[in-house]
Asker: 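Sharing a structure with you now.
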Amino acid sequence: MDRNPSPPPPGRDKEEEEEVAGGDCIGSTVYSKHWLFGVLSGLIQIVSPENTKSSSDDEEQLTELDEEMENEICRVWDMSMDEDVALFLQEFNAPDIFMGVLAKSKCPRLRKFNPRLPCRLLLTCLSQAEVASVWVERIQEHPAIYDSICFIMSSSTNVDLLVKVGEVVDKLFDLDEKLMLEWVRNGAAQPLDQPQEESEEQPVFRLVPCILEAAKQVRSENPEWLDVYMHILQLLTTVDDGIQAIVHCPDTGKDIWNLLFDLVCHEFCQSDDPPIILQEQKTVLASVFSVLSAIYASQTEQEYLKIEKVDLPLIDSLIRVLQNMEQCQKKPENSAESNTEETKRTDLTQDDFHLKILKDILCEFLSNIFQALTKETVAQGVKEGQLSKQKCSSAFQNLLPFYSPVVEDFIKILREVDKALADDLEKNFPSLKVQT
């Protein structure tokens with residue numbers, strides 16, 4: 001199928017040909033309305049109820065149709081990067097068409113149809129400020145989209161697809177808090193222990209467990225691609241219903257905690273990694289620590305936060321990230337090449353917005369953990385090295401002066417455990433000695 005329509009029939013003069021060509025163009029682009037109508041019409045046929053069933057006799061024909069349609073949708077995706085095309089898609093009611101493709105993505109006929117392509121189109125159009133609200137509204141009007149997205153997140157093993165779906169969800173939640181709340185509350189009315197009836201009825205999806213399953217699958221292939229799902233969880237913790245959806249489901253809350261705890265303690269920004277890796281991992285670390293902090297503050301009575309002795313490993317990870325941040329922001333000393341590209345990049349990190357956000361999250365979380373430390377835990381940390389002089393100094397350097405009361409209370413406990421260490425720290429931070 002040609003991308004552009006056939007030329008006008010012979011017999012028209014030049015002026016008429018220009019008029020036809022201009023009328024077929026989308027906005028100020030050279031893209032053809034006629035061609036795009038054809039592709040969208042094909043999509044309409046795919047999502048029509050009478051066309052969602054197939055038999056083994058025409059399986060080969062359907063496969064070829066799907067492959068051809070995918071190629072055409074790829075072209076539409078390329079075109080939709082243009083603002084004029086995105087606006088035209090909205091005017092042609094394309095949101096409803098794409099919603100139909102996603103809503104029917106579980107149908108037998110569409111199992112060979114690649115849902116990554118509608119996701120890409122949706123993400124592109126949601127990124128256009130002029131039409132984003134219309135697309136959000138269309139999604140709100142199609143409850144089946146929620147089920148389709150949850151179905152993909154909870155069952156797909158295609159990591160590329162999971163990342164694309166995650167990007168759509170992340171963009172939707174970032175654009176519309178009301179939609180996020182609606183999706184969080186979906187399925188909440190059904191008791192957690194109520195078994196699914198053995199019938200044709202669709203399961204009741206709960207958003208947070210589906211997000212967790214997708215994150216686990218993505219991590220199994222490449223942890224670096226987790227950024228989008230960690231940010232979705234972070235967005236959920238910005239509303240009360242979101243954090244409750246995490247912490248009030250014991251198994252899911254524990255699984256999310258264990259996943260994120262393992263990421264910061266054994267995956268990201270480890271002791272054998274170069275400090276500069278923080279520049280690559282700063283956004284995902286900000287999201288992970290933000291969610292951990294929210295769970296820690298909201299569910300401190302849970303057993304998995306008590307008996308697992310999470311405080312010291314978390315302190316070790318938090319301080320390690322803070323130390324790497326200090327290393328990233330240091331200027332080269334005794335170097336004649338102070339204006340090299342490396343120095344310029346180092347200077348830029350001092351004003352890095354994302355690093356500042358990460359530091360604020362780390363310090364707040366660290367202060368909350370410090371407030372919960374007991375004498376026994378401090379003694380264990382001193383003995384095992386998580387609360388060595390160097391690490392305590394790094395912590396104080398970042399916590400002071402905003403968290404002075406927390407540091408002062410910690411020093412009091414430390415003095416009972418190791419007076420010499422407490423005295424050394426007071427010498428390095430004179431403001432504490434007057435107040436303790």
Asker: Sub-3.5 Å donor-acceptor pair from the side chain of S404 to the main-chain atoms of L400, do we have one?
Answerer: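 A pair under 3.5 Å: no.
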Asker: Below 4.0 angstrom, N of the basic side chain to O of the carboxylate: do K419 and D423 qualify?
Answerer: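 Answer for the salt bridge query: yes.
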Asker: Just say parallel, tilted or perpendicular for the rings of F396 and F370, cut-offs at 30° and 60°.
Answerer: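 It falls in the perpendicular class, over 60°.
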Asker: Please check if the side chain of Y229 supplies one atom and the backbone of L162 the other of a donor-acceptor pair under 3.5 Å.
Answerer: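 Flag set: sc Y229 to bb L162 pair under 3.5 Å.
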Asker: State whether the side chain of Q234 and the backbone N or O of I232 hold a donor-acceptor pair below 3.5 Å, judged by distance alone.
Answerer: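 A pair under 3.5 Å: no.
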Asker: Do the side chains of D360 and K356 get close enough for a salt bridge, i.e. N-O under 4.0 angstrom?
Answerer: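 K356 and D360: salt-bridged.
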Asker: First locate atom NZ of K254, then atom CG of L212, and finally report the distance between them rounded to the nearest 0.5 Å.
Answerer: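 CG of L212 is found 13.0 Å from NZ of K254.
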Asker: Could you pull out the closest heavy-atom pair between L285 and C269, with the gap in Å?
Answerer: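 Looking at all heavy atoms of both residues, the shortest contact is CD1-CB, 4.0 Å.
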Asker: Shortest non-hydrogen contact from V417 to A379?
Answerer: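 In terms of heavy atoms, the two residues are closest at CG1-CA, 3.6 Å.
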Asker: For T377 and L373, indicate whether the former's side chain and the latter's backbone hold a donor-acceptor pair under 3.5 Å.
Answerer: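 No; judged by distance alone, with no hydrogens or angles, the pair does not exist.
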Asker: For F151, does its backbone N or O pair with a side-chain atom of S154 as donor and acceptor, under 3.5 Å?
Answerer: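 Yes.
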Asker: Could you pull out the closest heavy-atom pair between I243 and D240, with the gap in Å?
Answerer: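 Closest heavy-atom pair between I243 and D240: CG2-O, 3.1 Å.
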Asker: Indicate yes or no for a side-chain donor-acceptor contact from S127 to the backbone of L123 under 3.5 Å, with no hydrogens or angles considered.
Answerer: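 The answer is yes, because a donor-acceptor pair under 3.5 Å joins these two groups.
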Asker: Would you find a donor on one side and an acceptor on the other, under 3.5 Å apart, between the side chain of S394 and the backbone of Q390?
Answerer: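 Yes: the side chain of S394 pairs with the backbone of Q390.
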Asker: Checking M180 against D176 for the side chain to side chain contact (heavy atoms under 4.5 Å, CB included) test, could you report, in this order, the C-alpha distance in whole Å, the side-chain angles of both residues, the deciding distance, and whether it holds?
Answerer: CA-CA 7 Å; M180 179 173 70; D176 196 291; over 6 Å; no
Asker: Pairing donors with acceptors under 3.5 angstrom, does anything connect the side chains of N398 and E326?
Answerer: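 Present: a donor and an acceptor within the cut-off.
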Asker: Does D241 reach the main-chain N or O of L181 with its side chain, forming a donor-acceptor pair under 3.5 Å?
Answerer: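 Such a contact is absent between D241 side chain and L181 backbone.
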Asker: What I'd like to find out is whether the side chain of I277 reaches to under 4.5 Å of the side chain of Q270, using heavy atoms alone.
Answerer: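 I277 vs Q270: side chains apart.
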Asker: Test F88 against F37 for ring pair (Phe, Tyr, Trp, His ring centres under 6.0 Å), laying out the working first.
Answerer: CA-CA 11 Å; F88 180 77; F37 284 149; 5.8 Å; yes
Asker: Check the pair N368 / Y403 against side chain to side chain donor-acceptor pair (under 3.5 Å), numbers first and verdict last.
Answerer: CA-CA 10 Å; N368 288 336; Y403 297 95; over 6 Å; no
Asker: After noting the C-alpha distance and the side-chain angles of V321 and F268, does the key distance pass the side chain to side chain contact (heavy atoms under 4.5 Å, CB included) rule?
Answerer: CA-CA 9 Å; V321 176; F268 294 132; over 6 Å; no
